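Everything below concerns the one structure shown next.
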2 protein chains.
Amino acid sequence: MSPKVPDQHKEQRQREILSASKKVFAKKGYEATSIKDIMEATGISRGGIYDYFSNKEHIFLSLLEQSMEDNRKEIDTLLQKNNGSVWKTLLAIWDDYREAKNEDKEDSFSAAIIEYGIAHWRKPENRGYIENRYGKAAGIFSSLIQKGIDNGEFDPVTSVDDISRFMISFLDGIAISAITLTHGFMQTGKQIDLFENSMKSMLNVKEPDLSQR
Amino acid sequence: MSPKVPDQHKEQRQREILSASKKVFAKKGYEATSIKDIMEATGISRGGIYDYFSNKEHIFLSLLEQSMEDNRKEIDTLLQKNNGSVWKTLLAIWDDYREAKNEDKEDSFSAAIIEYGIAHWRKPENRGYIENRYGKAAGIFSSLIQKGIDNGEFDPVTSVDDISRFMISFLDGIAISAITLTHGFMQTGKQIDLFENSMKSMLNVKEPDLSQR
DNA sequence: TATAATAACGACAAGGGTGTCATTTTTGTA
DNA sequence: TACAAAAATGACACCCTTGTCGTTATTATA
């Protein structure tokens with residue numbers, strides 16, 4: 001004679017599915033992952049999964065959204081950690097690309113994201129998500145750079161948006177190679193060094209490079 | 001009482017299959033393409049396809065090899081067309097990324113290549129092809145830059161290999177965005193401009209930029 | 001024109017993935 | 001303890017793809 005479920009037990013269940021399937025996507029990639037894999041990873045039955053998500057793509061897109069939010073927060077954290085220095089924050093962001101990518105490569109959810117994008121851009125109904133992701137990333141970096149300008153850290157000659165996009169392109173490229181190729185094959189560190197130099201002159205960084213890295 | 005086939009009729013048939021399936025891969029992407037699609041595109045029956053190739057991947061890898069060879073030749077051509085000027089050759093290569101990618105985007109075989117790489121790096125047996133591709137590209141660009149040094153066109157501070165890899169990373173990133181995003185969303189031209197500037201100072205280009213573009 | 005070698009065909013079986021839904025299990029309340 | 005509502009289950013029917021292989025069509029020669 002009354003609702004029989006606990007309260008946000010549902011949310012808990014959803015979170016379980018999401019967290020388990022994120023690992024699966026990271027390990028196997030988007031296409032290669034089947035609902036069966038997710039069932040096994042969560043321990044929930046076939047029908048159970050469908051009670052919470054309508055299909056694999058639905059699960060993935062939820063994870064995508066969550067991941068973007070995580071990234072945004074991560075940058076805020078870094079900014080605080082570096083006492084508001086945008087340049088140091090950028091260096092910290094890029095540092096992640098140096099080695100880390102090679103270590104936990106086997107569990108790279110980013111790889112799944114790129115795979116999803118590159119395999120699904122042809123269908124108009126997916127474009128929205130893909131552009132949204134790019135747009136958000138560009139926006140975040142743009143406002144970060146703008147903050148640096150307001151700070152007095154930077155004095156770029158070119159448009160903030162263009163620099164932001166340049167940054168994304170390069171980092172995307174690095175991410176792909178880092179994921180795709182075995183360690184040592186490409187000298188990620190060296191490339192990041194060159195990239196930092198480019199960005200430094202592009203942004204016209206004022207700060208003397210005291211503790212560069 | 002004698003072999004019943006014309007001579008290199010087989011080769012002709014193979015070429016037919018390859019050329020038709022290249023279009024299909026370009027239009028639909030790697031995963032989304034099925035043998036059925038290739039049958040329809042070539043007009044050859046199911047069994048017929050399997051007489052020449054053992055499976056979809058076999059066809060794709062043949063195309064991949066062919067495409068790498070084409071790229072190599074293309075660069076030689078550009079080099080001649082520019083009277084041996086490496087810098088002008090590089091500018092010409094990069095120019096391809098400015099607009100063209102957006103026009104025939106619907107028929108982008110490069111997209112299929114990247115998709116293949118990002119979706120299959122996890123299987124060790126595929127690593128070979130992927131690394132081979134990267135290695136060859138890096139080699140081509142490295143020797144191109146080296147030629148520029150011998151020419152007296154460049155005088156870079158950093159290693160030729162590192163610059164070559166930096167170039168590949170950025171161009172890969174650009175390619176992905178150009179493919180993935182709708183036209184106008186990202187300002188490819190502007191990014192290439194910034195990239196050219198970076199490369200110019202990285203290579204320490206001697207030539208005055210008379211007919212820059 | 002007959003024929004033998006072989007190229008081309010297409011029906012088929014097998015495998016795997018998907019989403020549904022009738023049934024069973026669980027759980028909070030009376 | 002009883003029970004009703006909701007959660008969880010897993011068998012099922014459907015669809016699509018793959019690679020094979022016995023059969024048919026073609027073709028250069030004699």
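As the structure is a computational prediction, the values presented were derived from the model and not from experiment. Any value given below was found using the heavy atoms of this structure, including those in side chains, with hydrogens, waters and symmetry copies removed. Proteins get letters first, then strands, A, B, ... in listed order; numbering begins at 1 in each.
Note: CD (A:Q12) to C1' (D:dA8) measures 16 Å, nearest angstrom. Between the CE atom of B:M39 and the P atom of D:dG19 there is a distance of 13 Å, rounded to whole Å. B:I38 has its CD1 atom 17 Å from the P atom of C:dA8, to the nearest Å. Look at CD1 on A:I49: it is 18 Å from P on C:dC21, rounded to the nearest Å. Distance, B:E57 CD to D:dT18 C1': 14 Å, rounded to whole Å. Atom-to-atom, CD of B:E11 to C1' of C:dA7 comes out at 16 Å; the value is rounded to the nearest Å. Rounded to an integer number of Å, the gap from NZ of B:K36 to P of D:dT20 is 20 Å. In this entry the distance linking CD of A:E31 with C1' of C:dG17 reads 12 Å, nearest Å.
The local environment of CD in B:Q66 is crowded, with over 12 non-hydrogen atoms from other residues, nucleotides or ligands closer than 6.0 Å. Summarising the local packing, CD of B:Q80 is surrounded by 12 or fewer heavy atoms from other residues, nucleotides or ligands at distances under 6.0 Å.
Projected onto DNA chain D by closest heavy-atom contact, B:T33 and A:R46 fall at different nucleotides, the more 5' of which corresponds to A:R46. If B:G43 and A:D51 are placed on DNA chain C by their nearest nucleotide, the residue sitting closer to the 5' end is B:G43.
A donor atom on one side chain and an acceptor atom on the other are not found under 3.5 Å apart for A:Y30 and A:E57. B:E16 and B:Q12 share a side-chain donor-acceptor pair at under 3.5 Å.
OP1 or OP2 of C:dA7 has not a single side-chain nitrogen or oxygen of B:Y52 nearer than 4.0 Å. At D:dA8, one or more side-chain N or O atoms of A:H9 fall inside 4.0 Å of OP1 or OP2 (strictly under the cut-off).
Across all strands, A:F53 comes closer than 4.0 Å to no nucleic acid atom at all (heavy-atom distances).
The closest side-chain heavy-atom distance from A:D37 to A:K27 is not below 4.5 Å.
Listed nucleotides C:dA8, C:dA7, C:dT18 differ in distance to B:S45; the shortest reach to its side chain belongs to C:dA8. Of the listed nucleotides (D:dT9, C:dA8, D:dT18), D:dT9 has the atom at the smallest distance from the side chain of A:I44.
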